[in-house]
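In this chain, numbering begins with 1 at the start of the sequence shown.
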Amino acid sequence: MLPELPVDSTLARLFRQAKARDAARWFSLPGGQKLYAAGDAADELFILRTGRLGAFRHEEGQEPLFLGVIRPGEPAGEMALVAGLPHSADVVALRDSEVIALSREAFLEACQADASVMTELARLMILRTRQAATRGPMGEPSVFGFMTVGQPGLIRPTVERLEREIAFLGYLVTTVGSEAAGAPTEWFSDVERTHDFVLYVAEADDGGWRQVVARQVDRLFRVGRGDRGPPRAPLRTLSPLQAQQLVDLILLQPAGIARPSGSEAWLDATDAARLFHLRRTEDEDVRRLARVLTGQSVGLVLSGGGARAYAHVGAIKALRERGVPIDFVGGVSMGAIVAAGCAMGWDDAEMERRICDAFVRTSPLDDIALPLLAMTQGVKVGERLAQHFGEAQIADLWLPFFCVSSNLTTGAYQLHRRGMLRKALRASISLPGVLPPATDGANVLVDGAVMKNYPADIMRAQQLGPIVGVDVTAARSITADDVARPESVWRWLRSGQWRNGPPIVSLLMRAATVSTGRDLAAAREATDVLVLPDVARIEIRDWGAYEVAVEAGYRATLEALDRLSRPVTDLRRRASRAERAAMRSSAAPFAETSSTAAP
């Protein structure tokens with residue numbers, strides 16, 4: 001016997017009609033199992049009765065993209081069914097769910113019997129299409145779990161601080177602990193339906209409640225103490241969240257430490273998809289996590305581009321002046337160097353001092369070598385990376401960070417989110433022919449710009465909030481003058497210009513940073529605020545052009561921010577329940593007038 005659908009389900013009427021004719025089937029879908037996979041034939045329309053479904057897109061060589069959640073009363077597979085095309089994404093049960101299925105034939109018969117059903121379905125498809133067109137998720141996660149790992153002490157006070165920050169952003173949010181362990185399923189459904197966000201907390205001694213939380217949430221955060229090692233015993237896999245990379249790690253850090261340490265071991269123990277450091281006394285760290293949960297976190301993406309990438313320093317300065325938070329950072333080649341400095345916590349003064357020490361005052365590419373593998377030995381670059389980044393691990397950075405290199409062994413880009421920071425940066429800036437390649441086991445790694453010079457799509461896979469991208473590769477390319485043979489080699493040597501490398505360096509650097517129109521368009525499609533500094537006058541190997549490039553990045557970023565009609569953090573902000581109700585209320589008189597005036 002088919003169960004009853006929620007009263008407010010958008011397609012309840014269709015399925016009630018099908019149920020009356022025994023044309024619909026009901027089944028349970030255990031957490032972790034797929035409802036359907038990309039490429040499967042779309043021969044049924046599904047509606048979720050209870051539970052949660054997640055939609056994911058997997059593309060070869062890319063991070064899995066989380067498209068959003070499907071909640072009770074919402075359909076799944078409707079676009080492919082109507083279009084007569086295979087499904088374009090995987091849909092997986094995030095928790096134990098109940099699904100009702102209707103065959104394509106029964107669906108078309110029901111639509112013929114009641115045209116308003118198709119109208120309602122078309123409205124839903126249009127809404128989802130518009131969300132995709134504006135690069136928004138079709139259903140944002142709204143139920144989050146927080147569970148202790150190790151012995152961090154009570155974590156509910158921290159989660160309640162997070163609740164207050166989310167409420168400050170204008171949402172209705174509540175924190176629920178083990179006091180709800182005996183509540184019926186309907187109680188959880190009511191709480192989740194009447195709040196914008198629900199935060200479930202499971203302390204170390206909460207026993208069975210921990211299992212309830214693991215099964216009840218859209219995304220789970222493990223919480224541990226960063227100044228202690230992870231538990232030695234292996235942690236139980238929290239499928240299906242773990243399998244879909246929906247388990248993150250929060251490490252509580254003591255006040256006053258310069259930088260975390262030992263975070264790699266925590267990642268090994270928890271297999272977390274993302275890592276966040278939260279200093280107990282830093283309100284900004286809690287605000288950052290609130291932005292992450294509500295889709296208002298800001299990701300900054302910095303392209304490669306040789307000396308032109310100094311513009312990124314000016315862009316960061318402008319963002320900080322305007323109060324735009326930077327919550328995630330990623331980059332390629334020289335953009336990765338600047339992004340790493342931001343993730344390290346360098347302020348504007350320290351950023352300028354270190355970049356100038358490493359690249360501006362003396363050329364990093366004047367240790368010329370017999371060009372067996374490259375024109376330089378790469379020793380100076382390695383020494384300067386060690387000087388300014390030391391033994392820092394990527395997991396120990398204050399901000400989530402990634403950089404990209406190009407793997408010549410596999411023929412795909414390589415994403416660096418763990419391991420020693422300077423080694424990842426050395427791979428990301430290893431321009432073929434200029435610097436010797438880096439190696440990772442049997443893999444040969446070169447400059448990330450060769451395969452992906454503007455990785456905004458990678459940033460989109462890691463966070464739901466707006467993305468600010470700074471691309472310095474759109475400026476005028478090199479000309480014949482830039483690669484002209486010097487009239488006199490001896491005069492060229494005496495002038496000191498050789499320290500920037502011979503003209504072939506410009507040729508190699510520009511060749512490595514040219515993206516195809518298709519790849520560039522796809523990456524920029526993921527960007528909400530695109531900054532294009534005017535760096536056409538800066539030669540790509542002019543390492544002394546620091547001030548000019550920084551000023552170009554600073555001005556271009558301010559101009560891009562001035563063109564916005566609302567703050568960057570609001571660009572992907574989802575409306576609260578109260579705001580949606582107000583919009584429906586204000587639209588009602590117009591709808592009523594329109595309907596009565598229609599012939």
Q: Under a 4.0 Å N-O cut-off, is there an ion pair linking E203 with R156?
A: no
Q: Any ion pair linking R320 and D347 (charged N to carboxylate O, less than 4.0 Å)?
A: no
Q: With no hydrogens and no angle check, do the side chains of S263 and D396 hold a donor and an acceptor under 3.5 Å apart?
A: yes
Q: Mark yes or no for whether Q462, through its side chain, and G299, through its backbone, hold a donor-acceptor pair below 3.5 Å.
A: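 It does not hold such a pair.
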Q: Between D190 and R193, does at least one N-O distance fall below 4.0 Å, as a salt bridge requires?
A: yes
Q: Which heavy-atom pair separates D206 from S178 by the least distance, and what is that distance?
A: OD1-OG, 3.5 Å
Q: Is R95 salt-bridged to E192, cutoff N-O under 4.0 Å?
A: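 Result for this pair is yes, salt bridge flagged.
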Q: So, D562 and R322, do they make that salt bridge, N to O below 4.0 Å?
A: yes
Q: Tell me whether the rings of F221 and F144 are parallel (<30°), tilted (30 to 60°) or perpendicular (>60°).
A: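 F221 and F144: tilted rings.
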Q: Any carboxylate oxygen within less than 4.0 angstrom of a Lys/Arg side-chain nitrogen, looking at R354 and E350?
A: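 Result for this pair is yes, salt bridge flagged.
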Q: I'd like to know if R574 pairs up with D196 as an ion pair, taking the criterion as any Lys NZ or Arg NE/NH1/NH2 lying under 4.0 Å from an Asp or Glu carboxylate oxygen.
A: no
Q: Taking all heavy atoms of G331 and all of A339, pick out the closest pair and write down the distance.
A: N-CB, 4.3 Å
Q: Is there a side-chain hydrogen bond (donor to acceptor under 3.5 Å, both in side chains) between E163 and T175? Walk through the geometry before answering.
A: CA-CA 7 Å; E163 176 192 345; T175 299; 2.6 Å; yes
Q: Would you kindly say whether Y454 and T527 are connected by a side-chain donor-acceptor distance under 3.5 Å?
A: yes
Q: Give a yes or no on whether a salt bridge exists between E284 and R291, defined as a side-chain N under 4.0 angstrom from a carboxylate O.
A: yes
Q: Does CD belonging to E179 count more than 12 external heavy atoms closer than 6.0 Å?
A: yes
Q: Can you label the angle between the F328 ring and the F276 ring as parallel, tilted or perpendicular, going by 30° and 60°?
A: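 If you compare the ring of F328 with that of F276, the planes turn out perpendicular.
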Q: In plain terms, say whether R49 and E74 are close enough for a salt bridge, that is, a side-chain N and a carboxylate O under 4.0 Å apart.
A: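 A salt bridge is absent here (no side-chain N lies under 4.0 Å from a carboxylate O).
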